[in-house]
Amino acid sequence: MTYLKGLADQVQLQASKLTRLLAEVNLPSPSFAPDAPPAPLHGKEFEKVQAACMSLIESANAIRDLALRPGDCIAIS
């Protein structure tokens, strides 16, 4: 398996974990819809959701950076 494929699998895994967690705590999935409800602002659920979001963001950023090619990414940063 290539590093790119591994990162893609990681993004999928993290997205699935976040979707599952949101369903468990009875929160809607993220949406760009104008009437999308906001994320919870506090509490145990917020901490779990925030941690899952951060893991997804890290994986998504890594695959983005790889797609840009490391040299291009370093020049942008």
Side-chain angles (χ1 to χ4, degrees):
M1 176 181 341
T2 66
Y3 187 58
L4 182 62
K5 174 72 169 110
L7 284 173
D9 291 346
Q10 222 15 55
V11 169
Q12 176 61 42
L13 176 68
Q14 296 300 335
S16 294
K17 284 182 179 180
L18 178 58
T19 300
R20 216 172 17 257
L21 176 60
L22 290 169
E24 286 173 11
V25 297
N26 200 28
L27 291 172
S29 290
S31 170
F32 289 116
D35 61 344
L41 300 177
H42 62 293
K44 190 175 182 181
E45 289 79 16
F46 172 76
E47 292 173 15
K48 288 181 183 179
V49 170
Q50 191 67 15
C53 285
M54 291 309 298
S55 292
L56 175 57
I57 290 166
E58 288 171 10
S59 295
N61 281 338
I63 200 168
R64 175 194 170 273
D65 292 349
L66 188 61
L68 285 172
R69 299 187 183 191
D72 295 341
C73 180
I74 291 169
I76 293 171
S77 298

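These numbers come from the heavy atoms of this one structure, side chains and all, not from hydrogens, waters or symmetry mates.
Listed by first and then second residue, the side-chain hydrogen bond (donor to acceptor under 3.5 Å, both in side chains) pairs that reach into residues 53-62 come to none, sequence neighbours excluded. Residue pairs meeting the salt bridge (Lys or Arg N to Asp or Glu O under 4.0 Å) criterion with at least one member in residues 5-19, sequence neighbours excluded, are K5-D9. Within the structure, no pair that satisfies the side-chain hydrogen bond (donor to acceptor under 3.5 Å, both in side chains) test touches residues 18-35, not counting sequence neighbours.
A single hydrophobic cluster is seen to contain both L18 and V25, as judged by linkage of ILVMFWY side chains at heavy-atom distances under 4.5 Å, directly or through other members. By the criterion of side-chain heavy atoms lying less than 4.5 angstrom apart, applied directly or through intervening Ile, Leu, Val, Met, Phe, Trp or Tyr residues, L4 is grouped together with L56 in one hydrophobic cluster.
Residues satisfying the side-chain hydrogen bond (donor to acceptor under 3.5 Å, both in side chains) test with Q12, not counting sequence neighbours, are S16. Listed by chain and residue number, L7, L66 satisfy the side chain to side chain contact (heavy atoms under 4.5 Å, CB included) test with Y3 (two or more places apart in sequence, or in another chain).
Residue L13 is found outside any hydrophobic cluster, as its side-chain heavy atoms come under 4.5 Å of no other Ile, Leu, Val, Met, Phe, Trp or Tyr.
Of all non-hydrogen atoms in L22 and P28, the two that sit nearest each other are CD1-O, 3.7 Å.
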